[in-house]
Amino acid sequence: MPRKPTGHRRLLPVRPLTFSPFARSVARVATAYMVKHHMRDAMQQSPGDEFKKLKKVDRRSESSEDEEFHGVVQADFAFFDPKPDDFHGVKTLLQSYLDDKQWDLSGFVDLILEQTTVGTVVKLEDDEDNGVFSIITALNLGRYKDHKCFTELKEFLLNICPEKDKTGNLRSLLGDKAQDVGLLVSQRVVNLPPELLPHLYDALFDEISWATEDEPTEELRNSFRFKFYIVVSKIYKLKNANKKRSSSTDKDDALIYIKPEEEILHRLSMWSVLFPLQTQQVATHELKNYQLTGIVMAVKAEDISSFRQQLRTLINES
Amino acid sequence: MATRLQFENSCEVGVFSKLTNAYCLVAIGGSENFYSAFESELADVIPVVKTSISGTRIIGRLCAGNKNGLLVPHNTTDQELQHLRNSLPDQVVVQRIDEKLSALGNCIACNDHVALTHTDLDKETEEIITDVLGVEVFRQTIAGNILVGSYCAFSNRGGLVHPHTSVEDLDELSTLLQVPLVAGTINRGSEVIAAGMTVNDWTAFCGSDTTATELSVIESVFKLREAQPTAIVDEMRKSLIDSYV
């Protein structure tokens, strides 16, 4: 049975990030997935395992031909550890991570792919194209602070935040508290089925807790004992939010989250800052009153278990 | 000499620019760094023209040209066409063609003497290519891909093709094109050669992800190390028959 659209949030246009014929078919069925998931393999013990599996099977599907679209597409997504081969896929996903700033994105992607103990890449099983559908990872700000990409990232964040009172918080998290801060990087194709999200985040936070025990050196183990997470992302903000609109009958949400989990993170966050973006957004009819805005938020590590629970509830009820 | 650069964080330099022996087209909207990289290499020798095609920045993939002419797709606006005609040298014929495969840069790969085209190109288009660009046209595939304009880049001195091209195909293409060819990659293993780089007889521009190995292959196959622009631009001599594979 088709998923019920839940309010404004589901009106976002579905645009495939890649151009393979498969991605186009998946874009067309973005609202019609049915899911049966199996629990992750019980046998997985340590982060060193090859991959974790989440089978996503659609019972009604017929395999679609290249351009003809008859029904629902069957897709088996699998979770993999990051590998150097994933460079191009991950780089494409993170292309607009820091808006249009020219920075060492290749170096940043290299660091993500080198950290095989924490981090997950979502790909299709047995896909020859090796297309990356999603990347999620957490990078310790202190561990990588000397890399060019991180200095550029810090510079970007400190420069774009317009509110003076929040920059103090941001500066301390990026500066002296950097050893305890994890940069939570999560990016995916727009039409990735949301049923995967709780598993994706569970996988990440489980790997982080395993890494605090399994990493070979004391220093590395400590680097995963995060006290805070920073998230850099984009959301839609209602334009002219302060303008009195007595004639408006429909209640427009003040903020629309492209990724559903960010609403929960925003609620739980210690603080957040919105900043303007330089890149132009594609204007669609449903979003004509909204402006694409950047957001930086910090979440305490203690709130993560509550986040995981709320995410599970949110996805299961939609 | 080969230069590494980026267009707004993208290493696909061949998408946003088009380089020939008589002119260079660059997309508008990129940072000034992109434009000035081309200017510093080429300013004294050939004009560097900022343009858009059909309002987009992907000009390298939409147009095809060489020193004799430039072909642009049917959706190029009149202003863009006029701007190109005004800015390019007089001997370069700019022609807008009605071809349903409008991404001409993906369908046509050419140097000043030979062109490889998509197998499904119109007969009429093929004739226009022969007239305007002054080349001999061959319908070919490269490693099984029909988008020949995307998977190979060649100049009058050498060429780089898709890494999975077989030795027999390399031989055949080398004979057709009369230049040495090498199968290789660009931008750290990307197979879409023409999207990642743009080249003429004396210089090449590659994406910044290109490794040192890839760059040295490019410099050797396109013979960029000893190349001097004036010697080539002044006297366009016929390329020597030199096929090694």
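Only this structure's heavy atoms are used, side chains among them; waters, hydrogens and symmetry mates stay out. The sequence lines fix the lettering, A, B, ..., with proteins before strands; numbering per chain opens at 1. All figures in this text were calculated on a predicted structure; none of them were measured in a lab.
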Q) When rounded to the nearest 0.5 angstrom, what is the spacing between CD in B/Gln6 and CG in A/Leu105? A) 8.0 Å

Q) Can you tell me how far SG of B/Cys11 sits from CD of A/Gln95, rounded to the nearest 0.5 angstrom? A) 8.0 Å

**Q.** ring-ring contact (aromatic ring centres under 6.0 Å, His included) contacts in which one or both residues fall within residues 86-110 of chain A, not counting sequence neighbours
**A.** A/Tyr97-A/Phe108, A/Trp103-A/Phe108, A/Phe108-A/Phe150

**Q.** Crowding at NZ, A/Lys101 (>12 non-hydrogen neighbours, <6.0 Å)
**A.** yes

(Q) What part of B/Ser208 gets within 4.5 angstrom of chain A, counting heavy atoms only: side chain, backbone, both, or neither? (A) neither

**Q.** Which atoms of B/Asn9 approach chain A - backbone, side chain, both or neither, heavy atom under 4.5 Å
**A.** both

(Q) Given heavy-atom pairs under 4.5 angstrom as the criterion, report whether the side chain, backbone, both or neither of A/Lys91 touches chain B. (A) side chain

